[in-house]
Visitor: 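One structure, as structure tokens, below. Some questions next.
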2 protein chains.
Amino acid sequence: MALEHAILVSLLEKPGSGYELARRFERSIGYFWTATHQQIYRVLKRMESDGLLAVRGLPQQSRPDKKEYSVVGPGRAALSQWLHEPIEPESVRHDLAVKIRGAAFDDPSVLIREVERHRQVHSDRLAHYLAGELRDFTGPAAPTPLDAGQELQHVVLRGGIAYERMTIAWLDDVLATLRRLGTSHPHA
Amino acid sequence: MALEHAILVSLLEKPGSGYELARRFERSIGYFWTATHQQIYRVLKRMESDGLLAVRGLPQQSRPDKKEYSVVGPGRAALSQWLHEPIEPESVRHDLAVKIRGAAFDDPSVLIREVERHRQVHSDRLAHYLAGELRDFTGPAAPTPLDAGQELQHVVLRGGIAYERMTIAWLDDVLATLRRLGTSHPHA
DNA sequence: TCTTTATATGCAACTCGTTGCATAGCCAAG
DNA sequence: CTTGGCTATGCAACGAGTTGCATATAAAGA
């Protein structure tokens, strides 16, 4: 049920529509939680009928109507309660690692392209995170001093940066290993 | 559908029963893919009826009968095909990061205990991985030279080690941040 | 002796998440 | 002027994953 909580956090940071939430989940929140718009609309509806959120219809000219959601009392209480409960440390689901082990039963060199592609994606993400850090937290246009919310957003972003750096270094290790296997055992 | 592929890889490495697979998913395979026994039994049944796996009933004395699964031709072909298809780079789902951002709307210090607990879990995992690396790949009892399959298993394990080290360092950063906020702004 | 742990498999019900499709109007590019 | 993209919401169907329960035997420990 962590999507509910991610939505509560995002709407507390700033109220918005399902569509806007979906876009946030492609950016900042999406660094550590993903969701499609279908899922978001469904959960928003449930949360509203559970009394965690309030809706406000915003008729717009030359645009479809917008429903702006915001967190109300019970929603804030639900978040607070969740913060006090322990959660399971996350376990990773890494398709690429499955592929790498599976490559032992095929030609390992077929994965080189794939791993290079993943490396590029992570490299792009890292650049994106670093640009965001400079813009919001460490650059000259950033507010000083940062408030508690900004400090917490920054430490989460630093986690994303550390994750991407670690992943890129590991993918380089993977590439070196695949290439080594390719030369010593040409074709499986 | 990556559970199917993880099962194919694991059964190619060594045939086994659903129960045995479930235990492997708590260990080596489980470092990067998790599954409960329910899910494993269901998927094994489907894969067998799809002709990817063969079953062999092993009656045992003083134990319930065991069904040993192994990969047959079409299963190997399915894995090979998957290896040639591109997959989406994984996106993280990190509950703890949601909590950290949510802490801005409550007392950040309530998370200190929780983060310390997660740090301990990751520290234990790291120790476990390092022991496995020494046993299987870098210690005196390890085979030399390693074959391709072992090299690939090792590079995946190195990824797990790098992940845990990065996570521990980040959690230390998180703890320092939470403690700093706690002293400068006592209670929210 | 009674409880727990381990082996070994499975059903039923549920929630979570994805994919495809649908609607509807506006704007910009070709 | 038509195609595609952006805003904005949603249904229906499916597949993935979790939780609770059930069964059966045997060994080890309290």
Side-chain angles (χ1 to χ4, degrees), chain A residues 1-8 11 15-27 29-30 32-50 53 55-69 82 87-95 98, chain B residues 1-8 11 15-27 29-30 32-50 53 55-69 82 87-95 98:
Chain A
M1 294 226 183
L3 177 57
E4 275 195 19
H5 301 116
I7 287 176
L8 286 173
L11 289 180
S17 69
Y19 188 83
E20 281 162 0
L21 277 173
R23 281 192 306 171
R24 288 184 211 173
F25 274 86
E26 286 165 11
R27 305 183 318 105
I29 297 280
F32 47 87
W33 204 268
T34 56
T36 61
H37 74 275
Q38 316 295 349
Q39 222 185 319
I40 290 166
Y41 283 124
R42 206 187 316 166
V43 173
L44 280 175
K45 200 163 281 186
R46 190 184 65 213
M47 290 171 78
E48 196 247 314
S49 79
D50 289 351
L53 302 178
V55 210
R56 207 160 53 105
L58 295 183
Q60 306 184 112
Q61 52 247 47
S62 75
R63 289 268 170 252
D65 285 7
K66 185 193 288 196
K67 294 183 182 173
E68 197 189 62
Y69 290 90
W82 180 65
I87 52 172
E88 283 295 301
E90 86 294 341
S91 27
V92 187
R93 295 234 162 147
H94 207 133
D95 300 66
V98 178
Chain B
M1 292 224 183
L3 177 57
E4 275 195 19
H5 302 115
I7 287 175
L8 287 172
L11 290 179
S17 67
Y19 188 81
E20 281 161 0
L21 277 173
R23 280 192 306 170
R24 289 184 212 172
F25 274 86
E26 287 165 12
R27 305 183 319 103
I29 298 279
F32 46 87
W33 204 268
T34 56
T36 61
H37 74 274
Q38 315 294 350
Q39 223 186 317
I40 290 166
Y41 283 123
R42 206 185 317 164
V43 173
L44 280 174
K45 200 162 280 186
R46 189 185 64 210
M47 290 170 79
E48 196 246 318
S49 79
D50 288 350
L53 302 179
V55 210
R56 206 160 54 103
L58 295 182
Q60 304 184 112
Q61 52 246 44
S62 76
R63 290 266 170 251
D65 285 5
K66 186 193 288 198
K67 293 183 182 173
E68 197 188 63
Y69 290 90
W82 180 65
I87 51 172
E88 283 296 299
E90 87 294 340
S91 26
V92 186
R93 295 236 162 145
H94 208 131
D95 301 64
V98 179

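Owing to the predicted nature of the structure, the values given are computational and were not obtained by experimental measurement. Every chain is numbered from 1 and lettered A, B, ... according to where its sequence line falls, protein lines coming before strand lines.
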Visitor: Five pairs per end, C1' atoms only: what is the angle between the end axes of the helix from C:dT1-D:dA30 to C:dG30-D:dC1, to 10 degrees?
Guide: 30°
Visitor: Between B:I40 (CD1) and D:dG17 (C1'), how many Å, whole number?
Guide: 12 Å
Visitor: Between B:R56 (CZ) and C:dA8 (C1'), how many Å, whole number?
Guide: 16 Å
Visitor: What closest approach, in Å, do A:L44 and A:G18 show between heavy atoms, and which atom pair accounts for it?
Guide: CD1-CA, 3.5 Å
Visitor: Taking only N and O in the side chain of A:K67, is any of them less than 4.0 Å away from OP1 or OP2 of D:dG10?
Guide: yes
Visitor: Tell me: CD of A:E20 to C1' of D:dA8, nearest whole Å?
Guide: 10 Å
Visitor: Look at the side-chain N and O atoms of A:S17 and state whether any lies under 4.0 Å from the OP1 or OP2 oxygen of D:dT7.
Guide: no
Visitor: Need to verify one output field. Residue with the more 5' nearest nucleotide on DNA chain C, B:K45 or B:R23?
Guide: B:R23
Visitor: Rounding to a whole Å, what distance do you find between B:E4:CD and D:dG15:P?
Guide: 11 Å
Visitor: Could you tell me whether the phosphate oxygens of D:dT9, OP1 or OP2, come under 4.0 Å of any side-chain nitrogen or oxygen in A:Y19?
Guide: no
Visitor: Sort out for me which residue in B:I40, B:T36, B:T34 forms a side-chain contact (heavy atoms from CB on, under 4.5 Å) with B:F25.
Guide: B:I40
Visitor: For nucleotides 16-22 of chain C, just jot down a letter per nucleotide in 5' to 3' order: B, S or -, based on protein non-hydrogen atoms under 4.0 Å.
Guide: SBBBBB-
Visitor: Can you find a pair of side-chain heavy atoms, one from B:K66 and one from B:Y19, that are under 4.5 Å apart?
Guide: no
Visitor: To the nearest angstrom, how far is B:R24 atom CZ from C:dA8 atom C1'?
Guide: 15 Å
Visitor: Using whole Å, report how far CG of A:D50 lies from C1' of C:dT15.
Guide: 14 Å
Visitor: Can you tell me if B:R46 has over 12 outside heavy atoms packed within less than 6.0 Å of its CZ?
Guide: yes
Visitor: Just how far is it from atom NE2 of B:H5 to atom CD1 of B:I87, taken to the nearest 0.5 Å?
Guide: 10.0 Å
Visitor: Can you tell me how far the CD1 atom of A:I7 sits from the CZ atom of A:R24, to the nearest 0.5 Å?
Guide: 10.5 Å
Visitor: Grab the NZ-C1' distance between B:K66 and D:dT25 for me, whole Å please.
Guide: 15 Å
Visitor: Starting from P on D:dG15, measure out to CE on B:M47 and report it in whole angstrom.
Guide: 16 Å
Visitor: Going from NZ on A:K67 to CD on A:E20, what distance comes out if it is rounded to the nearest 0.5 angstrom?
Guide: 14.0 Å
Visitor: Quick one: is C:dG10 close enough that its OP1 or OP2 comes under 4.0 Å of any side-chain N or O from B:Y41?
Guide: no
